[in-house]
Amino acid sequence: MGQLLIGFIFCLLVILLITTEINASLLFIGAVCVCLFLGFIDTNQLLDSFTNEALIALILLLQVSAVIERSAFIPILSRQIFVPGKRGWSIFRMSSLSIILSSHLNNTAVVASLMGIIQSNKHFVPSKFLIPLSYSAIMGGVLTLIGTSTNLIINSFMVEEGMEPLGFYDFIYVGIPLVLIGGIYLLLILPRLLPYNTMDEEEEEKKFFLEVRVSQKSRLIGKSIEENGLRNMDHLFLAEIIRNNQLISPVTPDEKLEERDRLVFTGDINQIQELRKFDGLEILEEGMDDILKSNLQEVVIRHNSPVIGRKIKDAQFRTKFDAVVVALNRGKEDISGKLGQVVLRPGDSLVLAVGQEFAKHQNISQNFILISPVEAESAYNFRESYLAVGIFLLSIVMVAFQVMSLLKAMLLDIFIFLILGLLKTKDLKNNLNLPLFLMIGSSLGLSKVLVNQGIASKIGMNIINLTGMDNPYLTLFGIYITTVVLTELVTNSAAAALVFPIALVTANQLNVSPMPFIMIIAYAASASFMTPIGYQTNTMVWSVGKYKFTDYIKAGTPLAILYGIVVMLLVPYFFPF
C-alpha cells in the first residue's frame with residue numbers, strides 16, 4: 001500500500017510539473033512534505049538533504065558568479081563578435097565566446113549579455129545568431145562541474161549517496177567532442193535552418209507596445225493629434241486611441257484628444273522619455289506619478305511563471321514585484337487594444353518600470369529572466385574587474401587541482417569580495433536563489449524516499465526488462481531518453497532530480513559501475529534543443545529573435561540527434577561499466 005501511495009505522489013508530481021504553471025520548487029517541497037507527514041522519510045533525513053555540501057557549494061557559487069558577471073570584460077568582449085560581410089566567422093566568434101564564458105559562469109547571464117549586442121548589430125539579422133547563441137551556451141555548460149547547475153545537482157546527489165564527488169574537469173572528456181561536433185553544426189548547418197526574420201525600419205520602430213493616459217488637466221485636450229505633435233516623434237508611433245472602451249484605429253491627424261483617452265504607442269521603448277515632453281501623459285498605474293523617471297528593466301516571462309494565462313491588469317505586478325508593465329513585445333505578433341487586457345504568454349518580453357523594492361523580491365527569478373544589462377553605475381571598473389576575475393580564476397585552479405573543495409573555495413571568494421567591497425551583505429540576500437535551494441534539497445529527500453521504499457528498484461528493474469538484462473548499453477540509452485524527454489517537458493534540474501535515484505539503483509541491479517549512468521543523466525539533462533521552454537536560454541531568445549515554436553523543432557532536432565550519438569558513444573568509453 002505504501003509503495004502505491006508513493007507511486008501516486010510521484011506520478012502526480014510529474015503530471016503537475018508538465019501541465020501546470022506552479023513553480024517547480026513548490027511542487028517538490030509539497031511532495032517531500034507529504035512524504036514526511038506520511039512517515040516515508042524522517043525529519044533528520046530531510047534536514048540532512050538541505051545541508052548537503054555540494055548543494056551549499058552551488059548556492060555559494062551563484063553568489064560568486066553574480067560578482068564576476070558585473071565585471072567590465074564581458075561587455076568589451078561582446079563588442080568584438082561581428083565581422084562585416086563574414087557571417088560564418090561572426091557566428092564562430094560569438095559561439096566560442098559563449099562556450100568559454102558559459103563553462104565557468106551562469107549561462108543565463110552570458111546569453112543576456114550577448115543578446116543586446118546581437119540585436120543592435122547592423123551587419124546581420126539577429127534571427128541567424130540568437131538560437132546559435134543559446135545552443136552554444138548550453139553546450140558550454142557541459143564542459144565543467146560549474147558550467148550548469150545540473151552538473152552540481154548531480155554532484156550533490158553523489159555526495160548524498162556517499163560517493164566521491166565529481167572532479168572539476170571530469171566533464172571535458174565528452175564535453176570537448178560535443179562542443180567540436182556541435183560547433184560544426186552551428187557553423188555549417190544551423191544557419192540554413194533558421195528563419196531570415198528581417199526588420200525594416202517601420203517594423204523596428206514597432207518593437208514594443210505601450211499605453212499612456214491623457215490626464216484631466218492635460219493641455220493636449222481639445223487639440224488634434226497633429227497640433228499636439230504626436231505624429232512627429234522620432235521613435236514612437238501613435239497606433240490607436242481607446243476612448244470609452246471604443247477603439248479608434250487608424251488614428252487620423254485631425255483626431256482631437258479628450259480627457260482620459262488612452263493612447264497606444266508602438267516603438268523603441270528605450271525612447272520612452274520622449275513622452276515626457278507632452279503635458280499630462282501618464283502611465284496607466286495609480287501611485288506611480290513619476291513613472292517616466294523610473295528605472296526600466298526588460299524581462300522575459302519564464303515558461304512556468306504563475307503570471308502566464310493572466311491578464312496584465314490581473315497579475316498584480318505592483319503588489320508582487322513592485323513593478324508596472326510599461327510595454328510588451330511578442331515577436332511578429334501584432335497586439336491591439338488595452339495593454340492591461342493582454343493575456344501573458346511564456347516568452348513574452350516585458351519592460352517593467354521598477355521600484356526600489358523590485359530587486360529584493362524573492363519571486364523575481366521564479367517568474368522572469370532578466371534581460372537588461374547591468375546599469376553602468378553598478379558595473380565594476382577595470383581595477384575591480386581584474387581583482388574579481390583574478391580571485392575567481394585562482395580559486396578555480398585550486399579546485400581543479402584539488403587543493404581545496406569547491407565549498408571552501410567559494411566561501412573564501414565571498415569573504416575576500418566582502419573585504420574588498422566588491423560584494424555587500426545586502427547583495428547576498430538579493431543573489432540568493434532560494435527556489436533552487438529548496439527544490440534541490442527537497443529532491444534529495446524524495447530520492448531517499450524512492451530508494452528506501454523500493455520504488456526506484458522496481459522502476460529500474462522494469463527498465464532493465466524492457467531494454468534487456470544482458471545489455472547495459474540499451475539500459476543506458478533508456479535512461480538517456482527518459483531524461484531528455486523530461487528535460488524538454490519540465491526543467492533540466494527537475495529531470496535530473498527525478499531520474500538520478502532510478503539510474504543509481506538500475507546500475508546496482510545490473511552489477512555495473514554507476515558512473516556511466518550518472519554522467520549520462522548530466523549530459524541528457526542539458527540536451528534541450530527542440531523546444532523554447534525546456535531550457536531558460538532558449539526561452540530568452542524566443543520572442544527577441546521572432547521565432548516560432550516550430551523553428552526550435554527544425555533547428556534543434558538534428559543537433560539533439562548528433563548530441564545523443566556522441567554522448568552514447570563516449571560516456572561508456574570514458575566512464576566504463
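Index from 1, following the sequence.
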*side-chain contact (heavy atoms from CB on, under 4.5 Å) between Leu428 and Ile414, worked out*: CA-CA 9 Å; Leu428 296 175; Ile414 290 173; 4.2 Å; yes
Between Met519 and Val571, is a side-chain contact (heavy atoms from CB on, under 4.5 Å) present by the stated rule, with each step listed? CA-CA 7 Å; Met519 298 304 290; Val571 166; 4.2 Å; yes
(Q) Walk me through whether Tyr552 and Val541 qualify under side-chain contact (heavy atoms from CB on, under 4.5 Å). (A) CA-CA 11 Å; Tyr552 285 85; Val541 303; 3.4 Å; yes
Before giving the answer on side-chain contact (heavy atoms from CB on, under 4.5 Å), spell out for Phe577 and Leu510 the whole-Å C-alpha distance, their side-chain angles and the decisive distance to 0.1 Å. CA-CA 10 Å; Phe577 294 105; Leu510 288 170; over 6 Å; no
As a quick check of understanding, evaluate ring-ring contact (aromatic ring centres under 6.0 Å, His included) for Tyr523 and Tyr480, giving each step before the final call. CA-CA 8 Å; Tyr523 291 112; Tyr480 179 83; 9.1 Å; no
Return all side-chain donor-acceptor pairs below 3.5 angstrom for residues 28-41, not counting sequence neighbours, or 'none' if the list is empty.
none

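Note: Glu160 CD to Phe500 CZ = 10.0 Å, rounded to the nearest 0.5 Å. Note that the CG atom of Asn508 and the OG atom of Ser513 stand 9.5 Å from one another [nearest 0.5 Å]. Annotation: the span from Leu393 atom CG to Met398 atom CE amounts to 11.0 Å, rounded to 0.5 Å. Between the CD atom of Gln63 and the CD1 atom of Ile68 there is a distance of 12.5 Å, given to the nearest 0.5 Å. Between Met410 atom CE and Ser405 atom OG the span is 9.5 Å, to the nearest 0.5 Å. Summarising the geometry, atom CG belonging to Leu105 is positioned 7.5 Å from atom CD1 belonging to Ile146; distances are rounded to the nearest 0.5 Å.
In this structure, Pro165 and Glu53 have side chains that are not in contact, with every pair of non-hydrogen atoms separated by 4.5 Å or more. Between Leu446 and Leu13 the shortest side-chain heavy-atom distance falls below 4.5 Å. You'll find the side chain of Met515 stays beyond 4.5 Å of the side chain of Asp170, heavy atoms only. Counting only heavy atoms from C-beta outward, the side chains of Val307 and Phe321 approach each other to under 4.5 Å. The side-chain heavy atoms of Leu166 and Asn151, taken from C-beta on, include no pair separated by under 4.5 Å. Within the 4.5 Å cutoff, the side chain of Val512 has no heavy atoms near those of the Thr475 side chain. Within the 4.5 Å cutoff, side-chain heavy atoms of Leu152 are placed close to those of Leu406. Between Ile518 and Met158, the closest side-chain pair of non-hydrogen atoms falls below 4.5 Å.
Looking at Asp348, its side chain never comes within 3.5 Å of a backbone N or O of Ile301 through a donor-acceptor pair. At distances below 3.5 Å, not a single donor-acceptor pair connects side-chain atoms of Ser102 with backbone N or O atoms of Ile99. Listed for the Asn538 side chain is no donor-acceptor partner under 3.5 Å among the backbone atoms of Met530.
Shortest non-hydrogen contact noted between Ile172 and Pro177 is O-CD, 3.9 Å. Minimum interatomic distance between Ala522 and Thr150 (heavy atoms only, all atoms of both residues): O-CG2, 4.5 Å. Of all the heavy atoms in Lys448 and Ser49, the pair that sits closest is NZ-OG, 3.3 Å. For the pair Pro516 and Leu476, the tightest heavy-atom approach, listed with the atom from each and the gap, is O-CD1, 3.5 Å. Of all non-hydrogen atoms in Leu114 and Ser98, the two that sit nearest each other are CD1-CB, 4.1 Å. Shortest non-hydrogen contact noted between Thr144 and Gly147 is OG1-N, 3.0 Å.
The ring pair (Phe, Tyr, Trp, His ring centres under 6.0 Å) contacts involving residues 383-425 comprise Phe73-Tyr386, where partners must be two or more places apart or lie in separate chains.
Of the options Val499, Leu498, Ile520, a side chain to side chain contact (heavy atoms under 4.5 Å, CB included) to Thr483 is made by Val499 and by none of the others.
Under the side-chain hydrogen bond (donor to acceptor under 3.5 Å, both in side chains) criterion, Ser385 pairs with no residue at all, not counting sequence neighbours.
With a 6.0 Å radius and a threshold of 12 heavy atoms from other residues, nucleotides or ligands, Lys424 has its NZ atom at or below the threshold. For Phe575, the CZ atom counts as densely surrounded, since its 6.0 Å shell holds more than 12 non-hydrogen atoms of other residues, nucleotides or ligands.
Checked by atom type, the side-chain pair Asn52/Ser156 shows no donor-acceptor distance below 3.5 Å.
Ring planes of Phe50 and Phe437: tilted class, angle from 30 to 60°. The aromatic rings of Tyr135 and Phe529 sit perpendicular to each other, their planes meeting at more than 60°, with 30° as the lower class boundary.
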